[in-house]
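Position 1 is the first residue of the sequence; numbering continues from there.
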Amino acid sequence: MAAAAEVELTLPDGTHLRVPPGIRAGDVLRRWKPQEAQAFLAATIDGQPIDLERPIDRSARLAPLTFEDRAGRDIVQHSAAHLVAKALLEVVPAARPTHGPPTDEGFYYDFEVRPLTPEDLDRIRANIRMSVQAREPFHRKDLSRSEAEALFASNPHKLRYLAAAKPGETVSVYYTGDRFVDLCRGPHVPDTSWLEGTYLLGQSAVVSETTPGTPTLQRIRGVAFPTRHLLDEYLKMRKEAEARDHRVLGPRLGLFTFLDEIPGFPVWLPNGTIVIRELERFARERLGKDGYVEVRTPLLFPQSVYEESGHWEHYRENMFLSTIDERTFGWKPMNCPGAMLIFRSRARSYRELPLRLAEFAPLHRYEASGTLHGLTRVRELVQDDAHLFVTEEDVAAEMRKLLDWIRDAYAVFRLDYTYELSTRPAGSLGNEEDWNRAEATLESLLRATGVPFRISAGEGAFYGPKIDIHVRDSLGRAWQTGTIQLDFQIPRRFHLEYQGADGQMHTPIVIHRTILGTWERFFGVFLEHCAGRLPPWLAPVQVRVLPVTEAQMSAAKGYADELLREGIRAEVSDTSETLPKRIRSAEVERIPYMVVIGEKEIADGSVSVRTRGEKGARSASRAEFAARVAESVRTRAFEP
């Protein structure tokens, strides 16, 4: 019998390996990079994450995943959720596991089980430690639908997931060790030794969102790291971060709040609305200089528009849907379909390109309740969004402008950043030639910036590769904010065309981009970065005027009015409390400048200035102080 033909695998550095079919992904990657292989926890094949033990039977693009990759981190979190489920069932065998996804913070797993006690949690932790020490393997097994239904016959939650699976979809389960098995698409880490840094963050009762009327579930939240050392670093950082938690600072400073009636929908209070308007002004200044025009598109589009764009197939589960006149509409989760329709609304010429359409509009994304986290994971959001319709010859110049903009913008906020180049995912639109060209363009531009970047295989948008911006706050935590995406596909799906200089019709390329990202996430990250001490230009109250006694109230109001006429946000403190208490209150509220006016200041036309972060006070003329604040605001200085 003739031997099976070899398959060709393309590695991230361009290496091509010819290997026999059936070889495991991990074996290929170890042969490719033996010195680095100990960090490989999973792999991607044509952008689809897979286990290292998965056999490969076709030619494809193969790449490793490590804990430094977003997909790698999610795999560790999800594997730890399985480990927690295994440990809980060993403590309470009657428990029924439901689901345990990764989240921005770590992971959670929901169980139908009696209320858990502190003693239960201690035993769960002990079982986790034993499993880690035993290096129990994660093992995948594919089943028929009937086999899976028989296996989970006593768990109605798993049966419901099986019933919701697409017809013909492979049903897979994962064993952790020999006894625990869970319904799961995977992939997972090779074994439980990868979960040495698993930590339980807490436990609470929750109500199922997917099946109203079911019993209250018990949710265990946790976070996982491959090593104890990484966990210790996280716990130290977490303790420092508690004092900066934007979910606490926001309501305390009158910036925003969340209400039980509308989980995941931030409510912007007067002070927070001022901050958002300043961020918009910051973005709009550059829009005008760089030739953008603003548009506004509807909040809802019919299903047919999302089918045309590809979002219905790739994003429907994250959309809020409404039925109007017996038609299905989706609340837009992003602005790109509307931008495409604007371009298509009339004939276009090459003379109009680049056409840069900016839009600040509310977007709605259905996020599971367990993943919601303050402003950093919400269901309603606004971003500094734009879509650039360009020729292929325009791409490099426009991308360089955007990378320059990112550099300038993040310098204002004193945020260090790196780039992540995310490449073709599984199930993407278009052909390999387009993707290779787009990825090569982005990689070349990134190398020219000198800014550090890493390649994240398989993490691109379904329509094109992207550059994601990752910032590090003052505690060293990484956050993804803005993004630049290069799209050859959606313009074709919408049949977009412009007449070129040659008289022929051509399809434009679209650059999707946000600079700071969503206002919600960016502000939540930045608020913690600066511990609530907003730069003067962003501060809702820039100056608080404090009369020493009621006798100086008229003079204090007069000076506050002078500042307001200069465009400075100033307010006057009443005198119901002592001056030291009012000074302390202003410090707690992180107000950049305090001005004290007493009889002496009235007599000589001066003010006594206290600046946030400085000890003591100094005297200044009224004009001198106003000019100083105005200059600080005009230049967007970080500190007062």
Listed by chain and number, what are the side-chain hydrogen bond (donor to acceptor under 3.5 Å, both in side chains) partners of Trp331, not counting sequence neighbours?
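Trp331 satisfies side-chain hydrogen bond (donor to acceptor under 3.5 Å, both in side chains) with Ser322 only.
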
How many angstroms lie between NE2 in His157 and NE2 in His99, if you round to the nearest 0.5 Å?
11.0 Å

What residues, two or more places apart in sequence or in another chain, satisfy ring pair (Phe, Tyr, Trp, His ring centres under 6.0 Å) together with Tyr234?
Phe225

What verdict does the side-chain contact (heavy atoms from CB on, under 4.5 Å) test give for Leu516 and Thr481, after you've listed the backbone C-alpha separation in whole Å, the side-chain angles of each residue and the deciding distance to 0.1 Å?
CA-CA 6 Å; Leu516 300 181; Thr481 52; 6.0 Å; no

Flag this pair as yes if the NZ/CZ of Arg284 is under 6.0 angstrom from the six-membered ring centre of Phe360 and inside a 45 degree cone about the axis; otherwise no.
yes

How close do Phe107 and Val223 get, counting heavy atoms only, and between which atoms?
CE2-N, 3.4 Å

Glu392: which residues meet the salt bridge (charged side-chain N to carboxylate O under 4.0 Å, His left out) condition with it, sequence neighbours left out?
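Partners of Glu392 by the salt bridge (charged side-chain N to carboxylate O under 4.0 Å, His left out) criterion, ordered by chain and then number, come out as Arg437.
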
Give the intermediate values and the outcome of side-chain contact (heavy atoms from CB on, under 4.5 Å) for residues Leu496 and Phe389.
CA-CA 10 Å; Leu496 303 188; Phe389 296 83; 3.7 Å; yes

Between Arg221 and Glu105, does any NZ, NE, NH1 or NH2 come within less than 4.0 Å of an OD or OE carboxylate oxygen?
yes

Throw together a table of side-chain donor-acceptor distances under 3.5 angstrom for residues 263-276, partners on residues two or more places apart or in other chains.
{"unit_1": "Asn271", "atom_1": "ND2", "unit_2": "Leu253", "atom_2": "O", "d": "3.1"}
{"unit_1": "Thr273", "atom_1": "OG1", "unit_2": "Leu269", "atom_2": "O", "d": "3.0"}

Suppose the criterion is salt bridge (charged side-chain N to carboxylate O under 4.0 Å, His left out): which pairs have a residue in residues 296-318, not counting sequence neighbours?
Glu308-Arg344

Which pairs count as salt bridge (charged side-chain N to carboxylate O under 4.0 Å, His left out) when at least one residue sits in residues 510-532, sequence neighbours excluded?
Asp104-Arg521, Arg477-Glu528

